[in-house]
Amino acid sequence: MQVSDLPPANARLARLARLAAGLLVLALAGAAAASPTTVPLWDGTPPGSEGLALTQRTVERSSDPARPDRYVEGVIAPSLTVYRPARPDGRALLVVPGGGYQRVVLDKEGSALAPAFADGGGVTLFVLQYRLPGEGHRGARDVPLADAQRAMRLIRARAPEWGVDPASVGVMGFSAGGHVAASLATRHGERVYPPRDAADAVDARPAYAVLVYPVIDMGAHAHPGSRQRLLGDAPDAGSARAYSLQERVDARTPPVFLLHAQDDTVVTVENSLLFEAALRRAGIEHETHLYAHGGHGFGVREARGTLALWPRLALAWIDAHAPSPAVPASDRTRHAGYP
């Protein structure tokens, strides 16, 4: 019997018992935050990549060791890099970096989040290296979603190991990674790969979604590079509509936090506005933050002025939608980064 099969009160007690056991393991390991660890997403070759000859390559673009800026391409071995805080609070975020569906940016929209969200917020981060649609995989349009679904299921299946409450796992995506994250939020129930093991029976619906300058539309407001790599040079109207995620919002879409700069000339703000309108029509709880300036790809490092406060806003919003099992209600506002 799975936790989801139990009555609500018993299921909650079961989750808390598993969480307590995981937190005890982490506490015994010491007070300092653990070094990041990387775990494979699939046991063996991922579905759809059989027989594909790809060379996975990581490129460092920064000359400053204190500010790494790596990206990976040719992803043939998808993985999760786990950033565990010194004092985990039971919540977790599946982080999906961007890269225009051409590459996966590992630091600017991945490891750079750890100080604010893991060390400062107590949230365990799982940064996803996902397969890219333009590199020869079968069912290429859905391999990023397949990896995101598998990642969410694996996090929940192994939640006690990481001290995570399975009910408090959300997704955060940036740019093209925002398209992957929004796909997970709206298409979590679709079968896009054959089940491999018991983890694939776990629910892939995120508890909430945080979308930062996300690619949403594949029509008039599409990011041309992301659309071309996902759908090809001349996608038909049906394909463009099917992968325009404002068209996929329904009653099972989780709560959403949207963040975008209005002067973004790479992924226009209309992407977030279209998604917000769809959420409003469907009655899905959401919160939207638009900034006059910021451009594209600011992450946390390049955010300036009031935009630099966005991690604190996101943590406060997450706290309202996935309250920390390890933090008393009276301490939650302070825990989310406010004095």
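Atoms considered below: every heavy atom in the structure, side chains included; atoms not considered: hydrogens, waters and symmetry mates.
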Legend entry - Flag, side chain of Ser62 to backbone of Arg67, donor-acceptor distance under 3.5 Å: yes
Inset, instruction - Give me the other members of the hydrophobic cluster that Leu211 sits in, counting Ile, Leu, Val, Met, Phe, Trp and Tyr linked by side-chain heavy atoms under 4.5 Å, directly or via other members. - result: Ile216, Leu245, Val249, Val256, Leu258, Phe275, Leu279, Ile284
Legend entry - Counterpart residues, ring-ring contact (aromatic ring centres under 6.0 Å, His included), relative to Tyr130 (two or more places apart): none
Inset, instruction - List in chain and number order the residues that pass ring-ring contact (aromatic ring centres under 6.0 Å, His included) with His296, two or more places apart in sequence or in another chain; answer none if no residue qualifies. - result: Tyr213
Legend entry - With sequence neighbours excluded, residues passing side chain to side chain donor-acceptor pair (under 3.5 Å) with His223: Ser226
Inset, instruction - Keeping to residues at least two apart or across chains, list the salt bridge (Lys or Arg N to Asp or Glu O under 4.0 Å) pairs with something in residues 121-134. - result: Arg131-Asp147
Legend entry - Salt-bridge contact Glu73-Arg57 (side-chain N to carboxylate O under 4.0 Å): yes
Inset, instruction - Look up atom CD in Glu276 and atom OG1 in Thr288, then write down how far apart they are to the nearest 0.5 Å. - result: 3.5 Å
Legend entry - Approximate separation, where rounding is to 0.5 Å, of Leu41 CG and Gln149 CD: 11.0 Å
Inset, instruction - Taking side chain to side chain donor-acceptor pair (under 3.5 Å) as the test, write out the residues that go with Tyr243, two or more places apart. - result: Asp142
Legend entry - Rounded distance [0.5 Å steps], CD in Gln228 versus CG in Asp233: 5.0 Å
Inset, instruction - Please confirm whether the backbone N or O of Ala92 pairs with a side-chain atom of Trp162, one donor and one acceptor, at under 3.5 Å? - result: no
Inset, instruction - Would you confirm whether His321, through its side chain, and Ser168, through its main-chain N or O, come within 3.5 Å as a donor-acceptor pair? - result: no
Legend entry - Residue pairs fulfilling salt bridge (Lys or Arg N to Asp or Glu O under 4.0 Å) with at least one residue in residues 206-230, sequence neighbours excluded: none
Inset, instruction - Any pair with a residue in residues 238-248 that passes salt bridge (Lys or Arg N to Asp or Glu O under 4.0 Å), sequence neighbours left out, goes on the list, sorted by first then second residue, please. - result: Glu190-Arg248, Arg241-Glu247
Legend entry - Closest approach of Thr38 to Thr81 (non-hydrogen atoms, all atoms of both residues): OG1-OG1, 3.2 Å
Legend entry - Intermediate values then yes/no, side-chain contact (heavy atoms from CB on, under 4.5 Å), Leu307 and Phe298: CA-CA 9 Å; Leu307 181 57; Phe298 48 79; 3.9 Å; yes
Legend entry - Lys/Arg N to Asp/Glu carboxylate O, Asp69 vs Lys108, below 4.0 Å: no
Inset, instruction - Please tell me if the side chains of Asp197 and Asp200 come closer than 4.5 Å, counting only heavy atoms from C-beta onward. - result: yes
Legend entry - Shortest non-hydrogen separation from Val202 to Arg153 and the atoms involved: O-NE, 2.9 Å
Legend entry - Closest non-hydrogen atom pair between Ala303 and Ala308, with its separation: O-CB, 3.6 Å
Legend entry - Closest non-hydrogen atom pair between Gly299 and Phe174, with its separation: CA-CE2, 4.5 Å
Inset, instruction - Start with the C-alpha gap between Glu50 and Thr45, add the side-chain angles, then the distance that decides, and say whether side-chain hydrogen bond (donor to acceptor under 3.5 Å, both in side chains) holds. - result: CA-CA 6 Å; Glu50 296 86 355; Thr45 303; over 6 Å; no
Legend entry - Evaluation steps, salt bridge (Lys or Arg N to Asp or Glu O under 4.0 Å), between Arg91 and Asp89: CA-CA 6 Å; Arg91 297 176 299 180; Asp89 65 12; 2.7 Å; yes
Inset, instruction - For the pair Arg205 (side chain) and His188 (backbone), establish whether a donor and an acceptor sit closer than 3.5 Å, ignoring hydrogens and angles. - result: no
Legend entry - Partner residues of Tyr291 under the side chain to side chain donor-acceptor pair (under 3.5 Å) criterion, sequence neighbours left out: none
Inset, instruction - Determine whether the aromatic ring centres of His289 and Phe257 lie less than 6.0 Å apart. - result: yes
Legend entry - Which atom of Leu315 lies closest to which atom of Ala116, heavy atoms considered: CD1-O, 3.6 Å
Inset, instruction - Flag the pair Pro214 / Ser175 as yes when at least one side-chain heavy-atom distance between them is below 4.5 Å, and no otherwise. - result: no
Inset, instruction - Mind checking ring-ring contact (aromatic ring centres under 6.0 Å, His included) for Tyr193 and listing every partner two or more places apart, or none if nothing turns up? - result: Trp42
Inset, instruction - Mark yes or no for whether Glu270, through its side chain, and Thr268, through its backbone, hold a donor-acceptor pair below 3.5 Å. - result: no
Legend entry - Pairwise side-chain contact, Glu109 with Val95, heavy-atom cut-off 4.5 Å (strictly under): no
Legend entry - Any side-chain donor near an acceptor of the partner, Arg141 and Ser239, under 3.5 Å: yes
Inset, instruction - Not counting sequence neighbours, list each pair that qualifies as a salt bridge (Lys or Arg N to Asp or Glu O under 4.0 Å) and has a residue in residues 284-294. - result: none
Legend entry - Common cluster, Leu80/Val105, ILVMFWY with side-chain heavy-atom separation under 4.5 Å: no
Inset, instruction - Please check if atom CG in Asp43 has more than 12 non-hydrogen atoms from other residues, nucleotides or ligands closer than 6.0 Å. - result: no
Inset, instruction - Without swapping roles, check the side chain of Glu302 against the backbone of Gly297 for a donor-acceptor pair under 3.5 Å. - result: no
Legend entry - Minimum-distance pair of heavy atoms, taken over all atoms of Ala148 and Val180: CB-CG1, 3.8 Å
Legend entry - Ser79 backbone acceptor or donor facing Gln129 side chain under 3.5 Å: no
Inset, instruction - Mark yes or no for whether Ser244, through its side chain, and Gln246, through its backbone, hold a donor-acceptor pair below 3.5 Å. - result: no
Inset, instruction - Quick one: list whatever passes side chain to side chain donor-acceptor pair (under 3.5 Å) with Tyr101, sequence neighbours left out. - result: His179
Legend entry - From CG (Asp165) to CZ (Arg156), nearest 0.5 Å: 9.5 Å
Inset, instruction - Verify the cluster assignment for Tyr71 and Val212: are they in a single hydrophobic cluster under the rule of side-chain heavy atoms below 4.5 Å apart? - result: no
Legend entry - Polar side-chain atom of Thr186 near backbone of Ala182 as donor-acceptor pair, under 3.5 Å: yes
Legend entry - Under 3.5 Å donor-acceptor, Asp107 side chain and Ala112 backbone: no
